[in-house]
Structure formats: C-alpha cells, structure tokens
2 protein chains.
Amino acid sequence: MATVSRVLNDTAVVKDETKKRVLDAIAKLSYRPNAVARGLASKRTKTIGVIVPDVSAAFMAELVRGIEDVARMYHYHIILCNSDGLLAREVDLIGTMWEKQVDGIIFMSPALTSEHVNTFEEAQIPIVLCRTDDPEGRIPSVNIDNAGASVDAVNYLHKKGRTKIAFLGSIHHEGTLTSERRRGYVAEMKNRNLTPIFIDTAREEYQEALLAVRTHVTMEPIDAILAANDEMAIAAIHAILDEKKSVPKDIAVVGFDNTKLSMMARPELTTIAQPMYDYGAVAMRFMTKLLQDEPISTFRVVLPHQILEHASSADV
Amino acid sequence: MATVSRVLNDTAVVKDETKKRVLDAIAKLSYRPNAVARGLASKRTKTIGVIVPDVSAAFMAELVRGIEDVARMYHYHIILCNSDGLLAREVDLIGTMWEKQVDGIIFMSPALTSEHVNTFEEAQIPIVLCRTDDPEGRIPSVNIDNAGASVDAVNYLHKKGRTKIAFLGSIHHEGTLTSERRRGYVAEMKNRNLTPIFIDTAREEYQEALLAVRTHVTMEPIDAILAANDEMAIAAIHAILDEKKSVPKDIAVVGFDNTKLSMMARPELTTIAQPMYDYGAVAMRFMTKLLQDEPISTFRVVLPHQILEHASSADV
DNA sequence: CTGTTAGCGCCTTCAG
DNA sequence: CTGAAGGCGCTAACAG
C-alpha cells in the first residue's frame, strides 16, 4: 500500500525490481489512484479555482485557455465558474472553492472591493488576480497598464492630426478596467490641451455602442474614437458607415484588446493588443510559483501592451 | 458530528432546537464542510468533467457557459479541459476525470471513434455527448440535425434563384460536424440537379478561408456560398468584397452557427442558428437527469436549427 | 528500502 | 431523534 504510493508519487527511493512489480500490478488491474482520497490525505487537490465574470465574453475564453494550458503543464486542473461580476456571487464562489479545497484561485472581476479582500484573507487560499486591479496592491496580480495604453492611443491619434478624439465606453465605478482606460484618456487629452469628449453607454456591448455612436456622430463633430474594447469599436465603425461617413477618413477608430474580431472588421481595426492568452498563462504560471514557494520578483506583474495599427486609423 | 451531517444534508429528521444549535455553531465557527472528505465518504463529488476541443473557439465559450449555468442550478461544478481534438489527449482526460471521481462527463469532440466508446465503458461514468455525433447511437447525446440544416440552406438559396452554390469547408474524416453538413449539401444539390462545388481548406479558419475564396472566385463563376461556419462565412464575404464583387448581389453568403460574429459583419450574415448556449444547457440538464435517475424520453436529443436571414443573402 | 500504523473529514449504519 | 463506531482510499510518519 505505502510502497505503491511511493512509486506513484516518486516520493522515496524504491528498489527497481519492486517498482517494476508495482507497475505491472497497476497495469494488470488497470488501477487508477483516487484523486479525492489523495486530496483528503495530502491536503492538496491539484485543482485551481478560476472565477471569471463570463467565459463567453469576447476574449475571456482565450484567457481561460491560457490558464488551462499552463495548468496542464503543471498537472493541475481548473474548476471554472462564472460570476457575472456580481459581488454576492463572487464571494459565494470563493467560499465554495474553499470547500472544494482548491490549491489556489485565479480571480477576475470588473472591480475589486475590500469585501473581496476580506474574503480572500478569511479563506486562506493563494490568490492571483488576473486582469483585475487591486489599487492598493495587497494581492498578487497580473495586469497591463490600462491607463498608459490609453495615453499611448491618444498620442498616436494626435500625432496623426486628430484633435476631436472621443472616448467610447460605459460608466462604471472606480477600479474598473474601463475607468482606468478612461483615466489615461482624460489625462493625456488634458496634457495636450484637447477637450475630452465622452460617448457613454450603460453596458459595454455592441448594440448599445452602435446606437450611441450613431446619434453622437450626427450631433457633434469628432474625428477619432477610442473605444473601451473591440466589440464597441466595431460597433463604432459600423455606426459611422451607417451614417455615410468614412473610416478612417472622417473618423479614425481604435479599439482595445486585440480580439479576433479586430481582424474580421472592414476596415480592419486598429487595436491595443493585450496578450489575452498570455494573460491567463502568466497568471497560472504565477500561481504555480506561489504554490511551490518559488522565488518571485514582484507581486504585481505588468504585461506589455502595444498598438496594432490597421486600416481603421491609417493615414488618409 | 453525525447530527451536523444530518442538518447539513437534510438527510434525516432533526429536532428544530438541535438544528438551530448546530446552525449557530456553524456560523460562530465559520465552519465550512470539506467537500473532498465529503466526496470520499459519499462517492459523489458534485463535479462534472467537461472535455472540449478548445474553449477559445468562436462558439464554445457560450456553450460552456450554458453548461456552467445549469450546473450551478443543480449545485454542480465543472472541471474544464481542452483536448484540441486529439484522441490521445481525450482518452487521457477521460482517465483523469475518473481519478478525480467526477460524477459525469460532458464530452465534445470533432469525431467520435470506437476507442472513445471503449474508454467510456471502462471508466463507468455517465457520459453525455454534446455537439458530437455517435453514428451508432450508443451514447446519450445532444445534437442538431447538421445534414438537415444544410439541406434547408440549399433549398433556401435555390428558391432565391441561386444555382451555382459552393460549399466552403475543410476536409475532415467521417463523423465530423462539417462532413455532416457537407453530406446534406451534396445530397440536396444532387436532388435539385445542381452541380456541387467545393471550396476546400485545410483548417476551418478565417485566414485560410479568405485565401481559398479569393482564388476560387476569380476562377469559377459562383453565385452563392454555404460556409461550414460563421468565421469562414465572414472570410468569404471579405474575400468577395476584396475581389470587387458584391454581397449578396453577385454572391450570396450563408454561414453556420449564429455566433456573435454574424451580426458584426457588413453586410450582416445570414446564418444557420444553433442555440449554442442551449446546447450546453440542455446537455447539462440531461446529465442531471441521468445522475438522478429521472426518466428520460430519448437518448438522442436533437435541438432545432433555423435559418436567420440577414443582408448577406437578401433578395437583390 | 519496505511494511505497519494512524489519521485526513466526512457519511452511514447501528444502537440507544 | 441523537451519539458512537467504522470506513471511504490514500499519504505520512514510524519502525524495522
């Protein structure tokens, strides 16, 4: 019994011959170790809880894929849960993860509150925030510099001679992805003595953005739109075309996230690339370091971003 | 100890007062039952294994979301794994699921082989195939009638006066989704005395489809394209526009799957709707019935499909 | 290097 | 209606 455990986990030296006998028996009986029993005895389940707002959102699936790939590399599995970004559900899920004795949690949320942090501490489980900013930096996280990316985008557009640059996004509370992007946008617009223009929607979604841009375009002259994400950016392109204006001639459009959508738009969409897959992959790798007490250089990993220029903002 | 178990699982009558005392204690100690121990003792983990080729593929995330939503309703959780459609990996994953003592497996694969079936039987775990056809109907499954959908599409296009209808898809082995769709296409073309035209790609992916259609359009006159999925259909639209032809005037385009992409294309894409979310939801609901020995009317659930007409195939 | 012995935290009889 | 006792299948000391 114990010897079998030893060869299976390679946790101590076993004589070659005995090892062979064990392996043979295992094969003959087509024995499979019971991971649940193993988890109970060892206190480690080789399972990571993944809490995301919504897997079916444009980019999330890629991110999850990144997590899962790295997880497999390290012999972990993932339990996937959707929170819809609801605080109550998120807190509940963290509790459930605890019950399930996951070894760690990769957590994504539109906005982190102190209630989250409390729950994390209570649960005593290693956490990695992914694409979720903790302004106070209490929790390990993997992010990009969203505000900085907006700054870059405004720079980029202004250098191309655009001055009436609008920001298309929803209005959320503080600590949101979009709010960070908006913050960078506002800062750089002011920095360049340009007047910020806002096209606001209730939710970040194609149809709403389509309508918002359509009406806005007829009311106020603008020559560029920076959208909070690709889906809205594409809505902007279509809205502009619907209003018989031209992209990029009349209005340049820049998106955010570099989802597959960006290259499926006509004109192809200039977008700020976040490595979605890497997001997940890096977060999971980070997790494994935490779990194996590997040394880590920083608790706040910042992934690089980059403007991918396509036709939607090309020189006219 | 035993009484606590009884109140937690509501598995026997407990005096109201004792129940209250237990609940109070639980709250005071912020006690959480250990799901792993529970799983070991009860032989049920309340966990479902979900094996999919690739979550990050266009529609899969929606499907997974459907699974997860219904799973939560019934207090299950899901372990998500990507197989990349590789037989070896799929078999391996089924084994792992067994070790993890999942209560059931929802399985998706581009093509089911007898090796799969053997592994299922060996593992002795309830299985539900999802969007995966078992030609011999040995395993419970949730599908649409793919061949029938293609028949409908050809009908639809022919009634609109199109006669040179091409099928855009990759060449796979038998038992594939695309092969079913192709089968229906061929059958109905012949049935109507039309000559099947094939635009083949190696993989089912935007870039390849784009190139394939571009070159094909210049070589052979066609007036309609039925694509194996939306992504390829959008590639077709763009390829046609790139070649200075018009959609739908010169060539009508019909896609498959009704992913979000379809409404983000210009012209908007006519597509054969499969309820992706429902796919997952129904499969998971099916699973719960299996697990609770509820009566089930049929082992092969066939979901309805429907042609959603948009501009890409509108009357000219 | 290998067998023996305790648990891991819960569920499930079995008495009372 | 409630407590006591055994066991789920494995890991982790402990001897030998």
Side-chain angles (χ1 to χ4, degrees), chain A residues 1-47 49 74-77 79 95-104 122-126 291-293, chain B residues 1-47 49 75-77 79 95-104 122-125 291-293:
Chain A
M1 182 79 259
T3 303
V4 173
S5 173
R6 281 189 275 256
V7 337
L8 247 31
N9 299 308
D10 196 28
T11 184
V13 192
V14 178
K15 204 200 295 174
D16 265 6
E17 194 221 311
T18 352
K19 181 182 285 183
K20 188 175 175 308
R21 278 170 51 215
V22 170
L23 259 18
D24 285 350
I26 286 179
K28 187 178 300 168
L29 306 171
S30 72
Y31 161 86
R32 285 276 190 168
N34 180 323
V36 177
R38 178 179 283 180
L40 183 59
S42 69
K43 310 291 224 176
R44 293 186 293 99
T45 55
K46 283 280 171 185
T47 303
Y74 288 84
H75 305 292
Y76 282 91
H77 291 94
I79 294 185
T96 312
M97 291 303 169
W98 185 14
E99 293 188 359
K100 287 257 179 187
Q101 305 283 105
V102 298
D103 295 343
E122 195 181 330
Q124 298 265 47
I125 302 178
L291 295 177
Q292 301 172 21
D293 291 315
Chain B
M1 181 81 260
T3 304
V4 173
S5 172
R6 281 188 274 256
V7 337
L8 247 30
N9 300 306
D10 196 30
T11 183
V13 192
V14 178
K15 203 200 295 175
D16 265 4
E17 194 222 312
T18 350
K19 181 182 287 183
K20 187 174 177 308
R21 277 171 51 214
V22 170
L23 259 20
D24 284 350
I26 286 179
K28 188 177 301 169
L29 306 171
S30 73
Y31 161 87
R32 285 277 190 168
N34 180 324
V36 176
R38 179 180 282 181
L40 182 59
S42 69
K43 309 291 222 178
R44 292 186 294 100
T45 54
K46 283 281 174 184
T47 304
H75 305 292
Y76 282 92
H77 291 95
I79 294 185
T96 312
M97 291 302 170
W98 185 13
E99 294 188 0
K100 286 258 179 185
Q101 305 284 104
V102 297
D103 295 343
E122 194 182 331
Q124 298 265 48
I125 302 178
L291 295 177
Q292 302 174 21
D293 291 314

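Values below: every heavy atom of this structure, side chains too, minus hydrogens, waters and symmetry copies. Below, chain A is the first sequence line, B the second, and so on; all start at residue 1.
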Separation of atom [atom1] in [X] from atom [atom2] in [N], rounded to whole Å:
X: A:K100; N: C:dG9; atom1: NZ; atom2: P; answer: 18 Å
X: B:E99; N: D:dC8; atom1: CD; atom2: P; answer: 19 Å
X: A:L8; N: D:dG9; atom1: CG; atom2: C1'; answer: 12 Å
X: A:R44; N: D:dA12; atom1: CZ; atom2: P; answer: 7 Å
X: A:N9; N: C:dC1; atom1: CG; atom2: P; answer: 17 Å
X: B:K43; N: D:dC8; atom1: NZ; atom2: P; answer: 7 Å
X: B:Q101; N: D:dG9; atom1: CD; atom2: P; answer: 8 Å

Measuring to OP1 and OP2 of [N], would you say a side-chain N or O of [X] lies under 4.0 angstrom away?
X: A:T3; N: C:dT2; value: no
X: B:S5; N: C:dC11; value: yes
X: A:R38; N: D:dG9; value: no

Among [options], the nucleotide that comes nearest once only the side chain of [X] is considered:
X: A:R6; options: D:dG9, C:dG3, C:dG9; value: C:dG3
X: A:T18; options: C:dT2, C:dC10, D:dC10; value: C:dT2
X: A:L40; options: C:dC10, D:dC10, D:dG9; value: D:dG9
X: B:K15; options: D:dG9, D:dT2, C:dT2; value: D:dT2

Looking at side-chain heavy atoms only, is the closest gap between [X] and [Y] below 4.5 Å?
X: A:L8; Y: A:R38; answer: yes
X: A:L291; Y: A:Y76; answer: yes
X: A:T47; Y: A:K100; answer: no
X: A:T3; Y: A:R6; answer: yes

Identify the heavy atoms of A:T45 and A:V102 that sit nearest to each other, and give their distance.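 A:T45 and A:V102 have their closest heavy atoms at OG1-CA, 3.6 Å.
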Which comes earlier along DNA chain D counting from the 5' end, the contact point of B:S42 or that of A:A41, where each point is its nearest nucleotide?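 Closer to the 5' end of DNA chain D: B:S42.
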